[in-house]
Q: 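Once you've had a glance at the structure underneath, I'll fire off some questions.
Start at 1 and go down the list; that is how both ligands and their atoms are numbered.
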Amino acid sequence: MAGFKERVFSGVQPTGNLHLGNYLGAIKRFVELQSGRDCIYCVVDMHALTAQLYQPDLASQIREVTAAFLAAGIDPKAHIVFNQSQVSAHAELAWIFNCVARLGWMNRMTQFKEKAGKDRENASLGLYAYPSLMAADILLYRATHVPVGEDQKQHLELTRDIASKFNNDFAAPIAERGFGEGFFPLTEPLIGGPAARVMSLRDGSKKMSKSDPSDFSRINLTDDPDTIAQKVRKAKTDPEPLPSEEAGLAGRPEAENLVGIYAGLAERSKEEVLREFGNAQFSAFKSALVDLSVERLGPIGSEMKRLQDDPGYIEAVLADGAARARAIAAETMAAVKDIVGFVRL
Ligand code: AMP
Ligand code: TRP
């Protein structure tokens, strides 16, 4: 968006079991976006409470996501890495956004419906307000670009709706303060590539997820090479050989998923992968996929473990990131409070 400094923001919840979907859909792309841009990557621990209130291992899960960011190649000196709860402005701005967002908008959020399930009366208010906190995460830094997996698309549309309503409803005080283009940018989602939606290895119709009870449904970033090999070999397939063109993947979700994973890891398109493996049997393709997965994920997993053995270092990275995030957040909040009309003393 013209008039706004290009800034990338994204977040990952510390809910345990970071997996290949998180890596290909999000973290790997965070790494790629670093050059030539300002990036802020956040461990969204306040969001994690919406999954389960008491998580005895929350602190180590926060360190695990931080370790994954660093092990994948995010540079915490050139960019900002921190955990959400350390910058209290996230909660402050979320409150204002709770007053901007309309019930009708929130009621359309499909992820809330999925997560709340049948017992909606018993879902927390936090789970319902989750997308409003997510909008606050992004707009607190007036971020222009947000890399995420496909499942976050609707939340980013809501973020734009919130920014737009804030800009319109407060147009007069915004203009008075010289923010001609509107105070908040209309953030662009960065969703894409061959692996924006990685599916379960056991069921090609379900997303690969941290909460799937079967560990064989996902490859965790900390899985050792033998476990990765076992999971790929056991992955569900169909009896046909691979097609030589992408159109041949239609109606074959498991085949499409494995080809997408290969393409994501190899940094090639699905079309290119099929050019190489068209007509191959799954046994041969899976062997190649095991080798590629171990080659790409092995070093990340072992670096994560090494970093997690040094919690002092991880916490120093988070503390430094939080201090820098707080400084940007404070500027935004001062302007927001003036725009809204709060008395600032
Ligand atoms: P979460 O673990 O829900 O905080 O997700 C962190 C990031 O990983 C978000 O950008 C998600 O969109 C992305 N993500 C999660 N699961 C998948 C998946 N199965 N495929 C692709 N991206 C995913
Ligand atoms: N909702 C995102 C997820 O589950 C995590 C998240 C929270 C996020 N705040 C964000 C992602 C801000 C991008 C930007 O994956």
Q: Determine whether the side chain, the backbone, both or neither of His47 has a heavy atom under 4.0 Å from any heavy atom of ligand 1.
A: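 The answer is neither; His47 stays 4.0 Å or more away.
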Q: How does Gln13 reach ligand 1, if at all, at less than 4.0 Å between non-hydrogen atoms: by side chain, backbone, both, or neither?
A: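 It is both backbone and side chain that touch ligand 1.
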Q: Applying side chain to side chain contact (heavy atoms under 4.5 Å, CB included) to Lys5 and Asp38, what does each step give before you reach the verdict?
A: CA-CA 9 Å; Lys5 182 175 172 322; Asp38 273 358; 2.4 Å; yes
Q: Starting from atom 14 (N) of ligand 1, what is the nearest protein heavy atom, named by residue and atom, and what distance separates them?
A: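 Checking every protein heavy atom, the shortest distance to atom 14 (N) of ligand 1 gives Asn22 ND2, 3.8 Å.
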Q: Verify the distance criterion only: is there a donor paired with an acceptor across the side chains of Gln308 and Glu64 at less than 3.5 Å?
A: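 Distance-only check fails for Gln308 and Glu64.
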Q: Distance only, no hydrogens: is a donor on one side chain within 3.5 Å (strictly under) of an acceptor on the other, for Thr110 and Gln154?
A: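 Short answer, yes.
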Q: Tell me which protein heavy atom sits closest to atom 7 (C) of ligand 1, plus the residue, atom name and distance to 0.1 Å.
A: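 The answer is Ala26 CB, 3.6 Å.
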Q: Can you give me the closest heavy-atom contact between Thr50 and Gln13, atom names plus distance?
A: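 Here Thr50 and Gln13 meet closest at OG1-OE1, 4.4 Å.
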Q: Looking at every heavy atom in both Pro131 and Met106, which two are closest together, and how far apart are they?
A: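 Heavy atoms only, the tightest pair is CD-CE, 3.8 Å.
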Q: State the atoms of ligand 1, each with its element, that fall below the 4.0 Å cut-off from a heavy-atom position in Val148.
A: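 Those qualifying, in numeric order: 10 (O).
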Q: Please state which protein non-hydrogen atom is closest to atom 23 (C) of ligand 1 and give its distance, to 0.1 Å?
A: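 Going atom by atom, the protein heavy atom closest to atom 23 (C) of ligand 1 ends up being Gly21 O, 3.4 Å.
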Q: Decide, yes or no, whether a salt bridge links Asp151 with Arg197 under the criterion of side-chain N to carboxylate O below 4.0 Å.
A: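 The answer is no: the pair does not qualify as a salt bridge.
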Q: Using a heavy-atom cut-off of under 4.0 Å, does the side chain or the backbone of Val148 touch ligand 2, or both, or neither?
A: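 Contact part for Val148 vs ligand 2: side chain (C-beta onward).
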Q: Please write down residue, atom name and distance for the protein heavy atom closest to atom 10 (O) of ligand 1.
A: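 It is Gly149 N, 3.1 Å.
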Q: Run the numbers for me: atoms of ligand 1, each under 4.0 Å from some heavy atom of Lys210, listed by number.
A: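 Counting from 1, the qualifying ligand atoms are 1 (P), 2 (O), 4 (O).
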Q: Please report whether ligand 2 has a polar contact with Gln111, defined as an N or O pair separated by less than 3.5 Å (distance criterion only).
A: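 No, since none of the N or O atoms of Gln111 sits under 3.5 Å from an N or O of ligand 2.
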Q: Taking 4.0 angstrom as the limit, do Glu267 and Lys28 come out as a salt bridge?
A: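 Looking at Glu267 and Lys28, the cut-off is met.
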Q: Which part of Val12 is near ligand 2, with near meaning a heavy atom under 4.0 Å away: side chain, backbone, both or neither?
A: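 No part of Val12 is near ligand 2 at this cut-off.
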Q: Which is it for Ala196 and ligand 1 at heavy atoms under 4.0 Å: side chain, backbone, both or neither?
A: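 The answer is the backbone.
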Q: Does any N or O of ligand 1 fall below 3.5 Å from an N or O anywhere on Lys207, backbone included?
A: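 The answer is no, given that Lys207 and ligand 1 share no N or O pair closer than 3.5 Å.
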Q: For atom 10 (C) of ligand 2, which protein heavy atom lies nearest, and how many Å away is it?
A: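 Of every protein heavy atom, Met134 CG, 3.5 Å lies nearest to atom 10 (C) of ligand 2.
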Q: Under a plain distance cut-off of 3.5 Å, with no hydrogens placed, do Asn98 and Tyr128 share a side-chain donor-acceptor pair?
A: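 No, Asn98 and Tyr128 have no side-chain donor paired with an acceptor closer than 3.5 Å.
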Q: Considering non-hydrogen atoms of the protein only, which is the closest contact for atom 4 (O) of ligand 2, and what is the distance?
A: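 The closest one turns out to be Tyr130 OH, 2.8 Å.
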Q: Heavy-atom distance to atom 20 (N) of ligand 1: which of Asp212, Val12, Val198 wins?
A: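 Minimum heavy-atom distance to atom 20 (N) of ligand 1 goes to Val198.
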Q: Using a strict cut-off of less than 4.0 Å between a Lys/Arg side-chain nitrogen and an Asp/Glu carboxylate oxygen, indicate whether Lys236 and Asp203 qualify as a salt bridge.
A: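 No.
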Q: Is Glu272 salt-bridged to Arg275, going by a charged N under 4.0 Å from an acidic O?
A: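 Answer for the salt bridge query: no.
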Q: What atoms of ligand 2 come closer than 4.0 angstrom to any heavy atom of Ser10?
A: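 Those qualifying, in numeric order: 11 (C), 13 (C), 14 (C).
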Q: Any atoms of ligand 1 less than 4.0 Å from a non-hydrogen atom of Gln152? List them with their elements.
A: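 Going through ligand 1 atom by atom, the ones under 4.0 Å from Gln152 are 12 (O).
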Q: So, is the end of the Lys337 side chain (NZ or CZ) under 6.0 Å from the ring centre of Phe342 and within 45° of the ring's axis?
A: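 Negative - Lys337 is either too far from the ring of Phe342 or too far off its axis.
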Q: At a 4.0 Å threshold, what atoms of ligand 2 neighbour a non-hydrogen atom of Ile138?
A: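 By the 4.0 Å cutoff, the relevant atoms are 12 (C), 14 (C).
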Q: If you count the atoms of ligand 2 from 1 in the order shown, which ones are under 4.0 Å from a heavy atom of Val146?
A: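 Listed by number with element: 13 (C), 14 (C).
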Q: Gln61 vs Thr15, test: side chain to side chain donor-acceptor pair (under 3.5 Å). Steps then yes/no.
A: CA-CA 6 Å; Gln61 289 162 196; Thr15 36; over 6 Å; no
Q: Note the single closest protein heavy atom to atom 11 (C) of ligand 1, along with its residue, its atom name and the distance in Å.
A: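 Scanning the protein heavy atoms, the shortest distance from atom 11 (C) of ligand 1 goes to Asp151 OD1, 3.4 Å.
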Q: Mind checking whether Gln152 has an N or O less than 3.5 Å away from an N or O of ligand 2?
A: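 Yes: some nitrogen or oxygen of Gln152 is under 3.5 Å from one in ligand 2.
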Q: Which ligand 2 atoms, with their elements, are less than 4.0 angstrom from a heavy-atom of Phe9?
A: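 Within the 4.0 Å cut-off of Phe9, ligand 2 contributes 12 (C), 14 (C).
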Q: Under 3.5 Å, is there a donor-acceptor pair linking the side chains of Thr227 and Asp224?
A: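 Note: Thr227 and Asp224 side chains meet the donor-acceptor criterion.
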Q: Counting non-hydrogen protein atoms only, what is the nearest one to atom 5 (C) of ligand 2? Give residue, atom name and distance.
A: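 Residue, atom and distance for the closest contact: Gly11 O, 3.6 Å.
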Q: Among all protein heavy atoms, pick out the one at the shortest distance from atom 9 (N) of ligand 2; state its residue, atom name and that distance to 0.1 Å.
A: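 Residue, atom and distance for the closest contact: Asp137 OD2, 2.7 Å.
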Q: Under 6.0 Å from the ring centre and within 45 degrees of the ring axis: does the NZ or CZ of Arg324 meet both conditions for the six-membered ring of Phe82?
A: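 Geometry flag: not set, cation outside 6.0 Å or 45°.
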Q: Assess the pair Phe97 and Phe184: is the distance between their ring centroids shorter than 6.0 Å?
A: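 Judged by ring-centre distance (under 6.0 Å), Phe97 and Phe184 do meet the cut-off.
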Q: Heavy-atom pairs closer than 4.0 Å: do any link ligand 1 to the side chain of His19, the backbone, both, or neither?
A: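 For His19, only side-chain atoms sit under 4.0 Å from ligand 1.
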Q: What are the atoms of ligand 1, with element, lying closer than 4.0 Å to any heavy atom of Arg197?
A: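 Listed by number with element, the hits are 20 (N), 21 (C).
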Q: Taking only heavy atoms of Gly25 into account, list the atoms of ligand 1 that are under 4.0 Å away from them.
A: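 Once the distances to Gly25 are compared, the set is 21 (C), 22 (N).
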Q: Between Gln34 and Asp75, do the side chains contain a donor N or O and an acceptor N or O under 3.5 Å apart?
A: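 No, no side-chain donor-acceptor pair sits under 3.5 Å.
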